[in-house]
There are 2 protein chains.
Amino acid sequence: MAQQGPGTKQLKSVRTTFKIVEYLKHETTGSVSAIADQLELPKSTVHSHLTTLNQLGYLRNDDGTYRLGYRLVHLGRTIEQSDELRRIVAPTIETLANETDEQAYFAIEENGLATNIVVAEGTCSIRREFLPGGQARMTNTATGKAILAHLPPERIDEIIQRWGMPAEAPGTITDEDELYAELETIRADGIAYARAESIKGLLEIAMPILDDDGQPHGAVEVAGPIKRLDDECRERLVDDIETAVNEIEVNLSLR
Amino acid sequence: MAQQGPGTKQLKSVRTTFKIVEYLKHETTGSVSAIADQLELPKSTVHSHLTTLNQLGYLRNDDGTYRLGYRLVHLGRTIEQSDELRRIVAPTIETLANETDEQAYFAIEENGLATNIVVAEGTCSIRREFLPGGQARMTNTATGKAILAHLPPERIDEIIQRWGMPAEAPGTITDEDELYAELETIRADGIAYARAESIKGLLEIAMPILDDDGQPHGAVEVAGPIKRLDDECRERLVDDIETAVNEIEVNLSLR
DNA sequence: GACGGCCGTCCGACACTATCGGATAGATTT
DNA sequence: AAATCTATCCGATAGTGTCGGACGGCCGTC
């Protein structure tokens, strides 16, 4: 069952290749020297990795300046398109965003992180900071906590141990016992809130999607500025979320 | 300048890792044994690559069955979003698709391949087979030929040598001299056609976007069934494309 | 209920190969 | 014109990826 046994150190060269890829992801562009400097790797090592990635077609090399190419875009889009759950859920999330005029998300647990597989937003929310595939800790997001609450206890513990609970915003829960108490509440209420726990000023409201055995498929979320989501309109939001959850449950059982 | 000197064989382990990734891209899902069989690699080798990729968070492992995860989706989306050219061009291509009610594309040359960086379609075209990042040969697509025609001669030759000109559809040009003649025509007319050259029954019409030095940034294309794009409406299509090209040229010089 | 096949995982030895420092050539700047 | 930056290439070493085999769990069959 548990397979992260003794051999944790594996394939160092693959690891450094992806360190370079992640560097280019964040910096958009980079030269051999710049990457070698930042990653504290020998220039020649970086060079051989870059030329290999270039030969494989994943990079563009404009005169010494490398950037990630569209081959990786196609890879990501293909993954996205072949995900059946996403296809089923997406329309509902989009109407939810339009109904509420706020950002709406559908997230799943992947590698112990809350991972947005659908992101949508209404007309009045301007920012589109979050991309599909964006990941955050399970412990400080509403979707994460909604899913976490319905996972087997040993899994919950494993995830917490792996990713920790550092403070990221004013409201972040950093105490383990406090989190467990909140998860209990979430199980009882069937709804999860996150008040400025990952991002200052952001209120998130989420409900899980469970299968027949009570295992979570994912969670539906609506998020917006705390100021805008005041108490009286919050009831309406919860209602809209419940409608979306219901719709998704039906569509999942129809497949 | 040319840097694919003697050391062409590099970083074999990185290469096999991406062979596995590409396998999962096309097959969606796979087990250790299945991948090892198909790729003719030892099981233990595949296993170590998969566990490494899993540790890095790029994979999902559902009880022995691996699939690519949303971390790669996020990578692709980030690349897409950080591409300034795409951001500038996208709105124009979308209105072009709506105006013409056909599929519209913007493609660039990347690693010697015509690479779609924007894909859009009108209301009446149903299929959305093509994803952003999709790549095709420069020699049998309208965008590819439109770009190719304005590249330096030595580059043209290099690309042809690298990717060849195999027959892929009834109309594919497989003769090198014939291609060079057509590129001459394209340079003279400023417009490129592809009649069932990559896909049977598909007509593509494309025009290049050139910078002040005459170097191609990319190309705008409209494509649809040959039957529907008959001669009388073709003039209207060309007109719409010219409008789009003009708009893009203005937006590029404004940046 | 026991057996046989198949699977994923793990181990260990060897050959290979990724790594790393240094050297070279070109470009750009002072 | 010299100096400093760059990317690229080379060669030797040690580390490491590869590969065959073995273990144990799972499932279907006999």
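Letters A, B, ... are given to chains in the order of the sequence lines, protein chains preceding strands, and every chain is numbered from 1.
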K.L.:
Rounded to whole angstroms, how far apart are CG on B:Asp62 and P on C:dC7?
P.N.:
18 Å
K.L.:
Indicate whether OP1 or OP2 belonging to C:dG8 is found under 4.0 Å from a side-chain N or O atom of B:Ser31.
P.N.:
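Yes, within the criterion.
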K.L.:
Can you check whether A:Phe18 and B:Phe18 have ring centres sitting under 6.0 Å from each other?
P.N.:
yes
K.L.:
Nearest-nucleotide wise, let me know which of A:Lys12 and A:Lys43 is further upstream toward the 5' end of DNA chain D.
P.N.:
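Mapping each residue to its closest nucleotide by heavy atoms, the 5'-most match is A:Lys43.
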K.L.:
Regarding A:Ser13, tell me which of base, sugar-phosphate or nothing describes its non-hydrogen contacts under 4.0 Å with the strands shown.
P.N.:
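If one applies the 4.0 Å heavy-atom cut-off, A:Ser13 turns out to touch the sugar-phosphate alone, with no base involved.
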K.L.:
So, OP1 or OP2 of D:dT18: does either fall under 4.0 Å of a side-chain N or O from B:Thr16?
P.N.:
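The answer is yes; a side-chain N or O of B:Thr16 sits under 4.0 Å from OP1 or OP2.
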K.L.:
Under 4.0 Å between a side-chain nitrogen and a carboxylate oxygen: does that hold for A:Glu109 and A:Arg155?
P.N.:
yes
K.L.:
Rounded to whole angstroms, how far apart are CG on B:Leu41 and C1' on D:dT18?
P.N.:
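From B:Leu41 CG to D:dT18 C1': 9 Å.
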K.L.:
Taking OH from A:Tyr66 and C1' from D:dT6, how many angstroms apart are they, rounded to a whole number?
P.N.:
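In whole Å, D:dT6 C1' lies 12 Å from A:Tyr66 OH.
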K.L.:
B:Gln10 CD to C:dC16 P: how many Å, rounded?
P.N.:
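Those two atoms, CD and P, are 18 Å apart.
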K.L.:
Between C:dT19, C:dG8, D:dA7, which one does the side chain of B:Ser33 approach most closely?
P.N.:
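Within the option list, the nearest is C:dG8.
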K.L.:
Examine the base of D:dG17 for any acceptor or donor lying under 3.5 Å from a partner atom in the side chain of B:Ser48, and report the outcome as yes or no.
P.N.:
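There is none.
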K.L.:
So which nucleotide from D:dT18, C:dG21, C:dC10 ends up closest to the side chain of B:Ser44?
P.N.:
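Among D:dT18, C:dG21, C:dC10, the one nearest the side chain of B:Ser44 is C:dC10.
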K.L.:
B:His49 NE2 to D:dT16 P: how many Å, rounded?
P.N.:
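Atom-to-atom, B:His49 to D:dT16, this comes out as 15 Å.
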K.L.:
Please tell me if A:His47 has a side-chain N or O lying less than 4.0 Å from either OP1 or OP2 of D:dT8.
P.N.:
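For A:His47, the contact criterion (side-chain N or O under 4.0 Å from OP1 or OP2 of D:dT8) is met.
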K.L.:
Tell me: CG of B:Leu11 to P of D:dT16, nearest whole Å?
P.N.:
14 Å
K.L.:
Could you check whether A:Glu197 pairs with A:Lys145 (Lys NZ or Arg NE/NH1/NH2 to Asp/Glu carboxylate O, under 4.0 Å)?
P.N.:
yes
K.L.:
Please report the interatomic distance CD1(B:Ile20) to CG(B:Leu68), rounded to the nearest 0.5 Å.
P.N.:
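B:Ile20 atom CD1 to B:Leu68 atom CG measures 11.0 Å (nearest 0.5 Å).
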K.L.:
Using 4.0 Å as the upper bound for N to carboxylate O, is an ion pair formed by B:Glu84 and B:Arg87?
P.N.:
no
K.L.:
OP1, OP2 of D:dC19 versus side-chain N and O of B:Thr45: anything below 4.0 Å?
P.N.:
yes
K.L.:
Nearest whole angstrom, please: distance from the C1' of C:dT19 to the CG of A:Leu50.
P.N.:
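After rounding, the gap between these two atoms is 15 Å.
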K.L.:
Rounded to whole Å, how long is the line connecting atom CG of A:Asn61 with atom C1' of D:dT6?
P.N.:
13 Å
